[in-house]
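Step one of this worksheet: look at the structure below.
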Amino acid sequence: MTIIEKPADWPRSEAEALAVQNALRDRVVLGEVGPPPGTGLVTGVDVAYDDDRDLVAAAAVVLDAATLTVVEEATAIGRVAFPYIPGLLAFREIPAVLAALGRLESGPGLVVCDGYGQAHPRRFGLASHLGVLTDLPVIGVAKNPFTFRYEQPGQERGAASSLLAEDEEVGRALRTQPGVKPVFVSVGHRVGLGQACAQVLHLAPRFRLPETTRHADALCRRALKEAVAG
DNA sequence: GCGACAG
DNA sequence: ATCTTGTCGC
């Protein structure tokens, strides 16, 4: 376990956070294809909250991409760094996520986070922000379409449709299991959208959500409970 | 002004 | 995200 240090210059208001997003958004790299599915390491990150106690717990779980088995886990505990404001989720989650990632001995490889990257009002969601700060390949997988439009993808596993902001494809609704609600994939940093969807499909052979987020979700909840108990 | 709104 | 029991099903 490690204690989260919120950066001293972390925004303290909505206006400051918006300014940070505008300052960092053009550092996102969108021209790379990214790592192919089934090779190297893939790391899931997630965060759980206890707002009453002002506590946050983050987890990073590294999987072998070929076998989807866990090779390393790390957690971090700290104070909530920012309120939840739609469009500013990154400021709430990133200090905790960076602390957990920093505890890993493995290089994380591809990072999979909850939420969005390009599918964001200013094209700079959590996955993009985390990518810019770490320069790692990062993708975002969300359970809800946020404010974006999409056509229902086909019922078969692997079917996908565009997530649209006006005319721009900012992500994809991807069916990871037949007849089950799709997940919403978008690019964060140094990964193409097609490759991001291929990665997510590979990471979700049995359940709707990728194994990375399932493991990370379970671990950060466990870490939060232990922090409250102890 | 009011509702919608990733986690 | 979180509040929350049992219950149906593989």
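Proteins get letters first, then strands, A, B, ... in listed order; numbering begins at 1 in each.
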Let me know the distance between [atom1] of [X] and [atom2] of [N], rounded to the nearest Å.
| X | N | atom1 | atom2 | value |
| --- | --- | --- | --- | --- |
| A:Arg221 | C:dC3 | CZ | P | 9 Å |
| A:Tyr150 | B:dC5 | OH | P | 12 Å |
| A:Phe148 | B:dA4 | CZ | C1' | 13 Å |
| A:Phe146 | B:dA4 | CZ | P | 14 Å |
| A:Ile85 | B:dG7 | CD1 | P | 16 Å |
| A:His120 | B:dC5 | NE2 | P | 16 Å |
| A:Leu209 | B:dG7 | CG | C1' | 13 Å |
| A:Arg122 | B:dC5 | CZ | C1' | 12 Å |

For A:Tyr84 and B:dG7, do the ring centres fall under 5.5 Å apart while the planes stay under 30° apart? yes
Any sub-3.5 Å donor-acceptor pair from [X]'s side-chain atoms to [Y]'s backbone N or O?
| X | Y | result |
| --- | --- | --- |
| A:Thr43 | A:Val62 | no |
| A:His189 | A:Leu130 | no |
| A:Asn144 | A:Phe146 | no |
| A:Thr176 | A:Leu201 | no |

Whether over 12 other heavy atoms sit under 6.0 Å from A:Arg122 CZ: yes
Under 3.5 Å, which N/O atoms of the protein pair with N/O atoms of nucleotides 8-10 of chain C?
none

Tell me whether [X] is salt-bridged to [Y], with the criterion being a basic N under 4.0 Å from an acidic carboxylate O.
| X | Y | answer |
| --- | --- | --- |
| A:Glu211 | A:Arg206 | no |
| A:Arg92 | A:Asp51 | yes |
| A:Asp46 | A:Arg221 | no |

Regarding [X], tell me which of base, sugar-phosphate or nothing describes its non-hydrogen contacts under 4.0 Å with the strands shown.
| X | answer |
| --- | --- |
| A:Leu163 | nothing |
| A:Tyr116 | base |
| A:Gly140 | nothing |
| A:Leu126 | base |
| A:Ala48 | sugar-phosphate |

Between A:Phe184 and A:Phe148, is the gap from one ring center to the other below 6.0 Å? no
Ring-ring centroid check A:Phe91 A:His129, cutoff 6.0 Å: yes
Can you tell me which stems DNA chain C forms, taking runs of 3 or more consecutive Watson-Crick or G-U pairs with both distances under 3.5 Å?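 Stems found: none.
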Looking at A:Asn144, does any N or O in its side chain come under 4.0 Å of the phosphate oxygens OP1/OP2 on B:dC5?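 Looking at the OP1 and OP2 atoms of B:dC5, neither is under 4.0 Å from any side-chain N or O of A:Asn144.
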Return no unless some side-chain N or O of A:Lys143 is found under 4.0 Å from OP1 or OP2 of B:dA6. no
Proximal nucleotide (of B:dG7, C:dT2, B:dC5) relative to the A:Thr147 side chain: B:dC5
For DNA chain B, what are the stems built from at least three Watson-Crick or G-U pairs in a row, each pair having both distances below 3.5 Å?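 Looking at DNA chain B, no stem of three or more consecutive pairs is formed.
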Compare all side-chain heavy atoms of A:Gln118 with those of A:Leu30 and state whether any distance is below 4.5 angstrom.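 Yes, at least one pair of side-chain atoms sits under 4.5 Å.
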A:Glu156 versus A:Pro178: any side-chain heavy-atom pair under 4.5 Å?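 No, too far: nothing below the 4.5 Å cut-off.
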